[in-house]
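Just so it is clear, the model here is predicted, and its values are computed rather than measured.
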Amino acid sequence: MGAPIGKLKIYPTGENMTQKFLIVSNNKTLTSMVQKALGDDNHAAICAEDGLEAVDMALDRKPAAVFLDVKLTHLTGLEVARALRAITPTAQMPIIFLADNPADARKVADARLPYTDCLVAPFDAAQIRRCAADAPNGAPNGRARPEAENTWMIALLDPLTGLYHRRYFLHRLAYEAARSARYRAPLALLLVDIDNLNEINQHYGIVTGDAVLMEAAETLRQLTRASDLVGRCDTQDFGVLAPQVDEQGACELAARISGVISAHHFVHAKLDLHVTVSIGVVYVPGDDLTVNLALLGRAENALQNAKRAGKNRVEVG
């Protein structure tokens with residue numbers, strides 16, 4: 001029995017569970033078979049039917065490995081795998097593909113994804129248990145390759161800055177808004193705009209403007225926590241989603257970002273530019289889902305107020 005799309009359900013499979021595994025499949029019969037095979041060794045199963053939800057669960061629940069159906073709706077199994085490989089916390093998480101036929105298995109092999117294995121139907125419970133036992137050591141038949149060879153796996157990333165692109169950032173915003181309301185936990189959102197980027201592009205060229213964006217992105221990565229989500233939301237805008245951060249913490253983070261960027265020497269080897277940012281900050285205590293989902297609009301208004309007030313400033317919305 002599978003979990004509905006968008007829902008998380010833990011299937012207890014024994015009193016002394018030794019590992020936790022994520023099963024991603026639309027096929028309830030397949031899900032039940034894998035779940036039972038894992039349960040025979042007292043493992044726990046977390047089930048998902050939707051690809052994006054599977055990415056969220058892999059990030060949040062940190063399973064020992066992912067049993068991934070090649071055929072999924074919305075995102076395919078290969079797209080989910082590429083997304084997991086593009087994110088640092090899941091880059092080496094073992095993935096065991098479940099292929100219906102040899103043709104699907106060939107697609108998996110041709111993708112040449114690291115830390116993966118592939119089982120072909122009809123599936124055998126002993127194979128499932130064997131893959132689960134091997135999970136702590138990585139996929140036994142997988143190939144680990146240098147990071148530089150995996151740079152094409154950017155299913156969720158902006159190719160220029162390496163940050164999450166707008167589509168996935170908004171997906172995570174909705175996800176974190178729902179989780180904030182469920183657990184009544186605070187949630188903050190910052191929109192960071194590079195001041196006068198158009199003028200930099202016109203005066204120094206697009207390549208210099210891109211260099212400024214890349215350096216700003218790296219600065220944001222260094223100033224945020226591992227639990228924060230940093231994305232590129234527009235041409236010159238970045239977003240920082242900060243779970244369990246209240247208004248004071250959000251304002252302190254915004255002030256730190258503004259100060260570090262204004263002091264940074266951009267494109268130091270050639271131009272030594274000094275750049276400023278305008279930042280819109282919003283926060284919710286987490287007790288109302290409707291209010292949580294309005295975070296982005298409020299942040300955009302706060303950012304516009306900062307720009308209208310003369311830029312190089314922080315405005316709280």
Would you indicate whether the side-chain heavy atoms of [Y] and [X] approach each other to under 4.5 Å?
X      : Y      : value
Tyr204 : Leu273 : yes
Leu187 : Leu241 : yes
Val275 : His264 : no
Tyr175 : Val55  : no
Asp237 : Leu191 : no
Asn301 : Val282 : no
Val80  : Val24  : no
Cys118 : Ile96  : no

Any donor-acceptor pair under 3.5 Å from [X] side chain to [Y] backbone:
X      : Y      : result
Arg298 : Val291 : no
Gln244 : Ala185 : no
Ser180 : Glu176 : no
Lys71  : Asp100 : no
Ser262 : Gly259 : yes
Asp158 : Thr161 : yes
Arg85  : Met93  : yes
Thr31  : Asn27  : yes
Arg225 : Pro243 : yes

For the pair [X] and [Y], find out whether any cationic side-chain nitrogen is under 4.0 Å from an anionic carboxylate oxygen.
X      : Y      : result
Lys28  : Glu49  : yes
Arg172 : Asp56  : yes
Arg232 : Asp210 : no
Arg82  : Glu79  : no

Please tell me whether Asp193 and Ser278 have a donor and an acceptor in their side chains that are separated by less than 3.5 angstrom.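 Looking only at side-chain atoms, Ser278 and Asp193 do not form any donor-acceptor pair under 3.5 Å.
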Considering residues, nucleotides and ligands other than [X], do more than 12 of their heavy atoms fall under 6.0 Å from its [atom1]?
X      : atom1 : answer
Lys307 : NZ    : yes
His274 : NE2   : yes
Arg184 : CZ    : no
Lys311 : NZ    : yes
Gln248 : CD    : no
Arg167 : CZ    : no
Gln304 : CD    : yes

Supply the atom-to-atom distance [X] [atom1] to [Y] [atom2], rounded to the nearest 0.5 angstrom.
X      : Y      : atom1 : atom2 : value
Leu38  : Met33  : CG    : CE    : 9.5 Å
Ile200 : Phe266 : CD1   : CZ    : 8.5 Å
Asn196 : His203 : CG    : NE2   : 12.5 Å
Met214 : Thr219 : CE    : OG1   : 12.5 Å
Thr276 : Ile261 : OG1   : CD1   : 9.0 Å
Asp117 : Ile95  : CG    : CD1   : 11.0 Å

Please name the pair of heavy atoms, one in [X] and one in [Y], separated by the smallest distance, quoted to 0.1 Å.
X      : Y      : result
Tyr115 : Ala91  : CD1-O, 4.0 Å
Leu197 : Gly209 : CD1-O, 4.0 Å
Ala99  : Phe123 : O-CZ, 3.3 Å

Group every Ile, Leu, Val, Met, Phe, Trp and Tyr by side-chain heavy-atom contacts under 4.5 Å, then state whether [X] and [Y] land in the same group.
X      : Y      : answer
Met57  : Leu59  : yes
Val120 : Phe97  : no
Phe238 : Ile257 : yes
Val240 : Ile194 : yes
Val245 : Tyr164 : no

Would you sort out whether Ile23 and Leu30 count as a side-chain contact (heavy atoms from CB on, under 4.5 Å), showing the intermediate values? CA-CA 9 Å; Ile23 307 169; Leu30 175 59; over 6 Å; no
Answer with yes or no after comparing the ring centroid distance for Tyr168 and His165 against a 6.0 Å cut-off, counting only values under it.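 No.
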If you apply the rule side-chain contact (heavy atoms from CB on, under 4.5 Å), what do you find for Cys131 with Leu119, and how did you get there? CA-CA 9 Å; Cys131 287; Leu119 304 180; 4.1 Å; yes
Any chance you could lay out the side-chain contact (heavy atoms from CB on, under 4.5 Å) test for Leu220 and Asp228, step after step, and finish with the verdict? CA-CA 10 Å; Leu220 291 175; Asp228 296 334; over 6 Å; no
Please evaluate residues Val316 and Cys251 with respect to the criterion side-chain contact (heavy atoms from CB on, under 4.5 Å), reporting the C-alpha separation (whole Å), side-chain torsions for both, the decisive distance (0.1 Å), and the verdict. CA-CA 8 Å; Val316 179; Cys251 290; 3.6 Å; yes
